[in-house]
Engineer: 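Have a look at the structure that comes next, please.
Owing to the predicted nature of the structure, the values given are computational and were not obtained by experimental measurement. In listed order, ligands and their atoms are each counted from 1.
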Amino acid sequence: HGDSRDFDEEVQSICPFCGVGCQVSLKLKDGKVKYVEGLNGPANEGRLCVKGRFGYDYIHHPHRLTKPLIRLEGVEKGLNVDPANPFTHFREASWEEALDFAAGGMARLRDSEGGESVAGFGSAKCTNEEAYLFQKLIRQGFGHNNVDHCTRLCHASSVAALMENVGSGAVTATFNEIENADVAIVIGANPIENHPVAATFFKQFTKRGGKLIVLDPRAQSLKRFATHLLQFRPGADVPLLNAMMCVIVEEGLYDQDYIDGFTENWEVEKQHLAGFAPETLEDLTGVDAASIRAAARDFATAERGMIFWGMGVSQHIHGTDNSRCLINLALMTGNVGKPGTGLHPLRGQNNVQGASDAGLIPMFLPDYRDVTDDGVRSAFTEIWQSGDFSAQKGLTVTEIMDAIHDDRIKSMYILGENPAMSDPDVTHARDALAKLEHLVVQDIFLTETANYADVILPAAAFYEKNGTVTNTNRQVQMGRAAATPPGEAREDWQITIDLAQRLGLDWNYSHPSEIFAEMKLGMASLDNITWDRLEVENAVTYPSLSPEDPGQSIVFGDGFPRESGRARFTPASVIPPDEQPDAEYPMVLTTGRQLEHWHTGSMTRRSRVLDAVEPQANCSLHPSTLRKLGVEAGGSVRLATRRGEITLMARADRAVSPDMVFLPFAYVEAAANILTNPALDPYGKIPEFKFAAVKVTAA
Ligand code: SF4
């Protein structure tokens, strides 16, 4: 660390990037973060990855928003700003003027066109208290449920399958529980890059003899630790998993006692699986039958097994079916509710679990309580001391963009989300944002989305605010402010309250702890977890059974929170990806993240070390594909789909198969989502980011 080891203040908080939720110690000098160390949190046990360790200095970046901004009269909305002078399309405003302008525009449309003309995107980068306030503002202030956030682009399909079949959308066991497992499946996840600290536990598991089964169309770096690597064809998750389960049925390796004691609908599932012998599916899956049988046997015969999955499973039009298969596999082998067992969708954002728990989704109120249920709604209107709001499920992220094009939505309040980069078929999303009559953006930087705003409200970064966040392990943790927001920037919860008051709501919170106390009134998941307790203990896992209980890392050992008390098998049939390769677009495009960059890059591309390591838009192609194209590694390629084209640097990478391209989505100069397919999974409403037909040419 050299001179940076010199610090005069130390603050304990939580890493703001991924869902692992590493506890950090921020070392400050003269009010600025100088370096970061890992603390002994329940998830990270002292470890940090490169993002947590080096990705902190974006908070001191000169392009932070420091004053409210209002768009200059007559300046067109769009991305045509000079990166060296990004603020030229806006003028500075006082907070009073900006808040009046922001709330006034939304109120005008609400009162003239109806509440449904205004929608909101909150953020999984904000605290639980901020997510809760945001959904409350849309429901109470506009009377409907058109409020969503990036869970829709992430694990919405996993949550749909878990809610349907297990009765709860969260993990059944922490990832650290792999310590007690004998076998683990990792499918459609690349934890070494995307959940790096969790990956260290996976590696240790293999070191002590645990069998790791990696199922992925990309032979990602975890393969070096795997007993089995099944590199299947993109989109063939359901036939592959059904084939594994077919083997388990054929060879009698299922756990009949567990099935009898804890599940329902087994006979239907068992019959369904009979049609999936691996020998008949080699062409479809791209995997030889012997390998499928060997992996299935190792999983089913182990005493204790866990299943981890990521966006490779969820971001398909059959994402919910993929997750149903994983749930079926865990249930038939009795791998839920005991030490070393469990279902674990690795959550992406630092607070996507908590934001979803807090009701920042269009179909559920806090704690996944159904908005269509009159009793549930009246419970919340009583807590909120407000009138009723719509009993209709709201629109999701991509549906809101369509509703803007259809003139049903005319104004949006977007807090911390960046749909101008993150939405599928992003040109369609950008056109929608440009069409809005009134767009309020609240963020820490002039993001691509903020370029479409009428008014921009400067917010505090995560290390500048106090509040709780909930990680992939269901651990509610205390985040603490280490630095002061730059200029006039303010914490998100404060700004949302100011807007709510101008929209006529009688909101009076003076500290996040008061918001947390209100959340507890409607969220049984927070029973026995208090602000004061978190101040002292830093993390408590839900459910916590008593004020002394640190929380249950494994749940559902004695039944499931469904009406029958049993988990359900839901058979999944094969549904091909929405768009098939053809003569014009012969290859498969799949998008994802890289170790050094976080999502749309707004934070990590402004972090000195991370941006230095990965400064340039890139994609990965197999060396043989590059040879055929006549392109050297490091040369330029053009990627084109039915929605658009981009040009960027190509890397040679044997992890992708010769008919595939892997494309990170952090780079605005070659935005991956110009290419992606917006087709949705019918249950989770998640887009098929993981499969599009693409043409690759030398550029
Ligand atoms: Fe942060 Fe995730 Fe890395 Fe931990 S693993 S340091 S939470 S990015």
Engineer: Go through Tyr56 and Tyr463 one step at a time and tell me if the ring pair (Phe, Tyr, Trp, His ring centres under 6.0 Å) criterion holds.
Structural biologist: CA-CA 8 Å; Tyr56 57 84; Tyr463 284 153; 8.0 Å; no
Engineer: Are the side chain of Glu596 and the backbone of Asp611 linked by a donor-acceptor contact shorter than 3.5 Å?
Structural biologist: no
Engineer: Just one of Glu491, Glu130, Glu129 clears the salt bridge (charged side-chain N to carboxylate O under 4.0 Å, His left out) bar with Lys465, so which one?
Structural biologist: Glu130
Engineer: Can you label the angle between the Phe175 ring and the Phe202 ring as parallel, tilted or perpendicular, going by 30° and 60°?
Structural biologist: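 Judged by the thresholds at 30° and 60°, the geometry between Phe175 and Phe202 is perpendicular.
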Engineer: Is there a donor-acceptor contact under 3.5 Å from the side chain of Ser13 to the main chain of Arg480?
Structural biologist: yes
Engineer: Provide the tally of protein N/O/S atoms nearer than 2.8 Å to atom 4 (Fe) of ligand 1.
Structural biologist: 1
Engineer: Atom CZ of Arg208 and atom CD of Glu179: how far apart are they, to the nearest 0.5 Å?
Structural biologist: 7.0 Å
